[in-house]
Peer 1: 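This is the structure I want to talk about, given as structure tokens.
Just so it is clear, the values below take in all heavy atoms, side chains as well, and ignore hydrogens, waters and symmetry mates. Source: prediction; values computed, not measured. Each chain gets a letter, A, B and so on, in the order the sequences are listed, and its residues count up from 1.
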Number of protein chains: 2
Amino acid sequence: MTENRISSPIPATAAGMCQLPCPMPDIVTLIGGKWKLIILQILIFNGTQRFGELKRQLDGVTQTMLTNQLRALERDGLVTRQIYAEVPPRVEYSATPLAQDLESVFYAMRDWWKRNQPPFG
Amino acid sequence: MTENRISSPIPATAAGMCQLPCPMPDIVTLIGGKWKLIILQILIFNGTQRFGELKRQLDGVTQTMLTNQLRALERDGLVTRQIYAEVPPRVEYSATPLAQDLESVFYAMRDWWKRNQPPFG
DNA sequence: TCCATTAGTATCAAAAACGATACTACCCCA
DNA sequence: TGGGGTAGTATCGTTTTTGATACTAATGGA
């Protein structure tokens, strides 16, 4: 089994001495960027997806970019990659428990959006 | 008073047809990037700050960068800018109610971090 | 007179993010 | 024989983000 806990080499952040909720720089490193949150949301709420399936839902992402982002997410323990020895090739991506645990963050964002975005609340 | 509600011109996102929590591309546009979440966290949890005060807490940000990010946040209704006609000049930045309302997102992130990051949980 | 202070702006450079295109391998199928 | 389908990689170029540096205005104080 893979070790899905966060192991940051740099504990202290710029806001280390005050009572702020959490080390944002570390979090931004993990899930920041244009695609990661979108990818994670799909994997968490729509379940396992294969590469092309994911790409079709991403609207504008290039193959290279999607590969890069998935590799980074895999490296950070947020996504697993399952290769099937088939032809044509089949690779499936899933959210790890660590990523699944981000569910409440997405719900908090959804609630914020619903409260403040009248046309779609 | 300013209108602090989100007014996105593009309602539909790539994941419009499924039951995903919220339109991540729009949210990433608002609070994505290297600095915005860090700035917002400070303003929300530590209160109003003047420019230099903020800069000192940011660790590595340049003056230009901080100005840009604050301008963007102001434009999107997440931050207000209060200028005092003094010498030397004094400008104070505050989180708007719209930004304050993001509090639960930060708490969700903190909880996630605490659950999954043993050395600091 | 000159320096310190604060919050900038303007400009240029570097780095990172992002995108387009072309290429591979494999097997099936017509 | 040649195309389709999948999941890539490799390369290059562009665009965006980020950083470094120098500059401004205004006033008080040494």
Peer 1: Are the side chains of B/Pro89 and B/Tyr84 in touch, meaning some heavy atoms are under 4.5 Å apart?
Peer 2: no
Peer 1: Can you tell me the distance, in whole Å, between the CD atom of A/Gln69 and the C1' atom of D/dG8?
Peer 2: 16 Å
Peer 1: Give me the one residue out of B/Met109, B/Arg110, B/Lys36 that meets side-chain contact (heavy atoms from CB on, under 4.5 Å) with A/Met24.
Peer 2: B/Met109
Peer 1: Could you check if a side-chain atom of A/Asp26 sits within less than 4.5 angstrom of a side-chain atom of A/Leu30, using non-hydrogen atoms only?
Peer 2: no
Peer 1: Can you give the first and last nucleotides of DNA chain C, 5' to 3', that have an atom under 4.0 Å from a heavy atom of chain A?
Peer 2: C/dC18 to C/dC27
Peer 1: Give a yes or no on whether the backbone of B/Gly77 and the side-chain of B/Thr96 come within a donor-acceptor separation of less than 3.5 Å.
Peer 2: yes
Peer 1: Atom CD of A/Gln82 to atom C1' of D/dG8: distance rounded to whole Å?
Peer 2: 17 Å
Peer 1: May I have the distance from A/Glu74 (atom CD) to D/dA7 (atom C1'), rounded to whole angstrom?
Peer 2: 14 Å
Peer 1: Measure from CG on B/Asn68 to P on D/dT18 and round the result to the nearest Å.
Peer 2: 9 Å
Peer 1: With heavy-atom distances below 4.5 Å as the criterion, would you say the side chains of A/Arg50 and A/Tyr93 are in contact?
Peer 2: no
Peer 1: Heavy-atom distance under 4.5 Å between the side chains of B/Leu37 and A/Ile27, does that happen here?
Peer 2: no
Peer 1: Heavy atoms only, 4.0 Å cut-off, all strands: where does B/Glu86 land among base, sugar-phosphate and nothing?
Peer 2: nothing
Peer 1: To the nearest 10°, let me know how far the axis at one end of the helix from C/dT1-D/dA30 to C/dA30-D/dT1 is tilted from the axis at the other, five pairs an end.
Peer 2: 30°
Peer 1: Quick one: A/Leu70 CG to D/dT6 P, roughly how many Å, whole number?
Peer 2: 17 Å
Peer 1: Side-chain heavy atoms nearer than 4.5 Å, only ILVMFWY residues, links allowed to pass through others: does that put B/Ile83 and B/Leu54 together?
Peer 2: yes
Peer 1: Distance check needed: D/dA10 P versus A/Met65 CE, whole Å only.
Peer 2: 16 Å
Peer 1: Tell me which of B/Thr64 and B/Pro88 sits closer to the 5' end of DNA chain C, going by the nucleotide each one is nearest to.
Peer 2: B/Pro88
Peer 1: Just how far, in rounded Å, is C1' of D/dG5 from NZ of A/Lys55?
Peer 2: 14 Å
Peer 1: Find the distance B/Trp35:CH2 to D/dG19:C1' and express it as a whole number of Å.
Peer 2: 10 Å
Peer 1: Identify whether any heavy atom of A/Tyr93 sits under 4.0 Å from a base atom; if not, whether one sits that close to sugar-phosphate; answer base, sugar-phosphate or nothing.
Peer 2: sugar-phosphate
Peer 1: Identify whether the distance between the nearest side-chain nitrogen and carboxylate oxygen of B/Glu92 and B/Arg90 falls below 4.0 Å.
Peer 2: yes
Peer 1: I'd like to check A/Glu74 versus A/Thr80 (side-chain heavy atoms, cut-off strictly below 4.5 Å). Are they in contact?
Peer 2: no
Peer 1: Looking at B/Lys34, I'd like to know whether one of its side-chain N or O atoms comes within less than 4.0 Å of OP1 or OP2 on D/dG19.
Peer 2: yes
Peer 1: Is the distance from OP1 or OP2 of D/dG8 to the nearest side-chain N or O of A/Arg71 less than 4.0 Å?
Peer 2: yes
